[in-house]
Amino acid sequence: MKYFIVTFGCQMNVHDSEKIAGILENLGYKCGQNREEADIIVFNTCAIREGAEDRVFGNVGALKKQKKINPNLIIVVCGCMTQKASTAQYMKETFPFVDIVIGTHNVPNLASYIMKVKAKQQKRMLELWEEGEIDESLPYSRSSGDNAWVNIMQGCNNFCTYCIVPYVRGREKSREKENILNEIKQLVLTGKYKKITLLGQNVNSYGKDLSPSVSFAKLLKDICAIEGDFTISFMTSHPKDLTDEVIETIAVEDKIEKYIHLPAQSGDNRILHLMNRKYTRETYLEIIRKIRERVPNCRITSDFIVGFPTESEEEFLHTMSLVEEVRFDSIFAFMYSPRENTVAAKMDGQITEEVKNERVNKLLALNKKIQMEDGKK
Ligand code: 5AD
Ligand code: SF4
């Protein structure tokens, strides 16, 4: 019996797929090479932009034929996209050959859903819990070479007005520090992993919800104290929560990679305010200055969204000038995509696709020019 997992979206999803692989291997499945030879296919989906969702619909739709040839094939769709009740329902109705549709919080129960479908107790199912506790018991089947992803928290409390993540991943919940340290000790002991990458939507607010609370800097220091030959990196950082103590820790701890991904999203203060980012262009630049002062060799990358509702040409040029001023090692630039239920999707002044396209191309061209000039690519 073989499984095949198709993962869309971010590193968090890649790591979730390692958990799904662990669950399937516990059930006796082995990792297959392609969809054609699989007895169970899992789509771990992403909802961050419309384009990501369209790709999922296309991929799932293409399985209709395979299911006809092999009616015992089990098809599972899970992840951020199907955590939205309306999309999950649509998925179930439009693709009657999909067996299991579940949300992000249902993964711990995947084994029991599969058993029910196999035993024909329940033909098809749709399960969407609202929130889930962090699961410490399920095994991961790791597949990222010598890099091990380690989740330190789930969810996000920020509600940036364009972003669907808080709706599909729930509120911030940090893992207990001891559980994280034990996991990393075990990973290092295997001798297989040279790089530990800590994952969270907003790692800098790690531990605020624990009692007693623990700072992200303290977590980093304790991980660095683990004996062994490994490096540590982390993502993603929110500029509003990146403390001086974290910058100092990056500066002094040899094990921490000198790299920060610090999404700015826009270089314009009115747009940043509308995005609910809680920092200004000036405070963002101040953080960059501090990083460069304390960690001179630090690589810095960023994310930007162009064409946020009401963004004028002049405001877009403020994003261009921020990129010019910081000279990032690299940036990701995205066209704003309205997401269901988010505040920005309901705003007046949505920008046309044509203008968004023009702006994203200009920003990416600027990034390329800077990289060439600085010899970064
Ligand atoms: N439209 C476009 N880009 C988005 N991102 C998040 N939500 C949206 C959206 N609705 C981008 C942000 C974030 C990255 C992971 O995806 O730049 O940092
Ligand atoms: Fe989305 Fe903002 Fe949370 Fe990042 S910090 S996941 S952009 S709401």
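Keep in mind that what you see is a predicted model, and the values were worked out from it rather than measured. Order of listing sets the numbers, starting from 1, for every ligand and every atom in it.
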Problem - Arg339-ligand 1 polar pair, N/O distance under 3.5 Å - result: no

Exercise for the section: Check whether any N or O atom of Tyr336, backbone or side chain, sits under 3.5 Å from an N or O atom of ligand 1, and answer yes or no. Expected result: no

Problem - Cation over ring face, Arg142 and Tyr140, 6.0 Å, 45° - result: yes

Exercise for the section: Cation-pi check, Arg55 to Phe8: give yes when NZ or CZ is under 6.0 Å from the six-membered ring centre and within 45° of the ring axis, no otherwise. Expected result: no

Problem - Rounded distance [0.5 Å steps], NZ in Lys376 versus CG in Asp329 - result: 4.0 Å

Problem - Region of Phe334 that comes within reach of ligand 1 [heavy atoms, distance under 4.0 Å] - result: side chain

Handout entry: Ile305, portion touching ligand 1 at heavy-atom distance under 4.0 Å
Key = side chain

Practice task
Please identify which atoms of ligand 1 are closer than 4.0 Å to at least one heavy atom of Gln265.
Solution key: 12 (C), 13 (C), 17 (O), 18 (O)

Problem - Atoms in ligand 1 flagged as close to Met335, the criterion being non-hydrogen separation under 4.0 Å - result: 1 (N), 2 (C)

Problem - Phe334 and Phe332 aromatic ring geometry - parallel, tilted or perpendicular at 30°/60° bounds - result: parallel

Fill in the blank from the handout: Only residue of Val107, Ile114, Asn109, Val42 satisfying side chain to side chain contact (heavy atoms under 4.5 Å, CB included) with Ile23 is Val107

